[in-house]
2 protein chains.
Amino acid sequence: MNRKCSNLPFLVLMQTSKAIHERIKDEIAKNNLGITEFSVLEVLYQKGKQTIQQIGNCILISSGSMTYVIDKLEKRGLLCRNACPDDRRVIHVTLTDAGNALMDEIMPKYHEFVNSMFDSLNSDEEETLVRLLKKVRDKV
Amino acid sequence: MNRKCSNLPFLVLMQTSKAIHERIKDEIAKNNLGITEFSVLEVLYQKGKQTIQQIGNCILISSGSMTYVIDKLEKRGLLCRNACPDDRRVIHVTLTDAGNALMDEIMPKYHEFVNSMFDSLNSDEEETLVRLLKKVRDKV
DNA sequence: TATGATTATCTCAGATTCAAGATAATTTAA
DNA sequence: TTAAATTATCTTGAATCTGAGATAATCATA
C-alpha cells in the first residue's frame, strides 16, 4: 500500500504560492487592509470605474462577499457607489480621492515587495517558469 | 504614473495555484470533506498516530481551528482522540477503521487527479519547474 | 405588449478561520 | 520543593466567505 506523498511539482507549487500569499497578507495588513479589500482597490486603481460584477469577476469572489467588502471600503471612504444611469440594476464603483491617495502610497511599495520575492530568478528563468506554469494552468 | 499589472511570474504562479486549489476543493467535496478536513485525514493516513499539535504544524492552521476540525471528524467517526499516558496535556489522534477505509477509497483517485493536472509536463520540465519554484520559495 | 428568462445586487444563515485568553499539565531553575 | 515559564488543548468572539434565495430591472420573443 502506497501512502507516500504525492506529486513533487504539485507540492512545491502549492507550498510556494501559500508562502507568498502569507507574506503578502502580512505586508498588506500593515495598511489595515485584507487581501480581498486590497484586491478590490487594486482593480479600481488599475482600471478605473468598474461595476461590482466586473470587480467580482476579476478577483473571483461571490456576490455576497462583494457586497460585504464594498460596504466596508465605502464606510471607510476609500471608494463610492454610483448608480448607473443606463441600467438601474448596475452600480458603478470608483475610488475616492482618499482611495486614490492611499493606493498611490501603497502600490509602489507593493510592487517592489513582489519583485523582491522573485529576484532570485534571472530573466531566462522567469520566462521558463512562466511557460511551464502556463502549461499547467491551461490544462487545469 | 504606472498602474500596470505587476510581475508576470507572480501573477501566473498565483493564478495557477488558485485554479488547482479550486479544482481540488471541488474534487474533495464529492466526499463531503473540506480541504482542511481532508488534510487532517491525509496526515493521519500517511503518518499514523499524531498529536493534535503535530497535525496543526503539518497543515499550518491555528489551534482553535484544529479543535474545530478534529471535533467534526470525530463526530463523524473518521478519527478518535486518545489521551497520552506520558503527558496528560497531549492528545493522540488516529484514524478509525471507517477513516482508514474512506482514505483507502479516496487516496488513489486523489493521486491520479493531481497527477493528471501535471501530466502536460515531461520529466525534464517537472524537474525544472521544481528547481525554479524552490528557488523562489526559499527566498520568500 | 405581455411573459418568461436572465442579470445585478443585496440579504441572511451557516461554515470556517484566527486571535486572545482560559485551563491544565509539565519542565526549569533558584 | 516551589515559583515561574512553557506547552498542549480548548473556549469564545469577531471577521470573512459562500450559497441560496429575494428583489428589482432589463432583455428576448411570441
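Side-chain atoms are counted along with the backbone in the values below, which use heavy atoms only and exclude waters and symmetry mates. Numbers restart at 1 for each chain; the letters A, B, ... are given by sequence-line order, proteins then strands.
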When you look at NZ of K139(A), are more than 12 heavy atoms from neighbouring residues, nucleotides or ligands closer to it than 6.0 Å?
yes
Does a nitrogen or oxygen in the side chain of R81(A) sit under 4.0 Å from OP1 or OP2 of dC10(C)?
yes
Mind checking the CG-CG spacing from L129(A) to L13(B)? Nearest 0.5 Å is all I need.
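Interatomic distance, L129(A) CG to L13(B) CG, rounded to 0.5 Å: 6.5 Å.
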Single-linkage hydrophobic cluster [X]~[Y], side-chain heavy atoms < 4.5 angstrom:
X: F10(B); Y: L8(B); value: yes
X: Y68(B); Y: I61(B); value: no
X: F113(B); Y: M107(B); value: yes
X: I55(A); Y: L60(A); value: no

Can you measure [X] atom [atom1] to [N] atom [atom2] for me and round it to whole angstrom units?
X: I70(A); N: dT9(C); atom1: CD1; atom2: P; value: 9 Å
X: K75(B); N: dA15(C); atom1: NZ; atom2: P; value: 11 Å
X: N82(A); N: dT9(C); atom1: CG; atom2: C1'; value: 15 Å
X: F38(B); N: dT16(C); atom1: CZ; atom2: P; value: 16 Å

Please determine which of V93(A), L78(A), L73(A) meets the side chain to side chain contact (heavy atoms under 4.5 Å, CB included) test together with L44(A).
V93(A)
Any sub-3.5 Å donor-acceptor pair from E105(A)'s side-chain atoms to L102(A)'s backbone N or O?
no
Check nucleotides 14-18 of chain D against the protein and report each pair of N or O atoms closer than 3.5 Å, with its distance, or say if there are none.
residue	atom	partner	partner atom	Å
dT16(D)	OP1	K72(A)	NZ	2.9
dT16(D)	OP2	Y68(A)	OH	2.6
dT16(D)	OP2	K72(A)	NZ	2.7
dC17(D)	OP1	T36(A)	OG1	2.3
dT18(D)	OP2	S62(A)	N	3.1
dT18(D)	OP2	S62(A)	OG	3.1
dT18(D)	OP2	S65(A)	OG	2.7

Using atom names, set out every protein N or O paired with an N or O of nucleotides 5-8 of chain D below 3.5 Å, distance rounded to 0.1 Å.
residue	atom	partner	partner atom	Å
dT7(D)	O4'	R89(B)	NH1	3.4
dT7(D)	O2	R89(B)	NH1	3.0
dA8(D)	OP1	Q53(B)	OE1	3.1
dA8(D)	OP2	Q53(B)	OE1	2.2
dA8(D)	O5'	Q53(B)	OE1	2.8

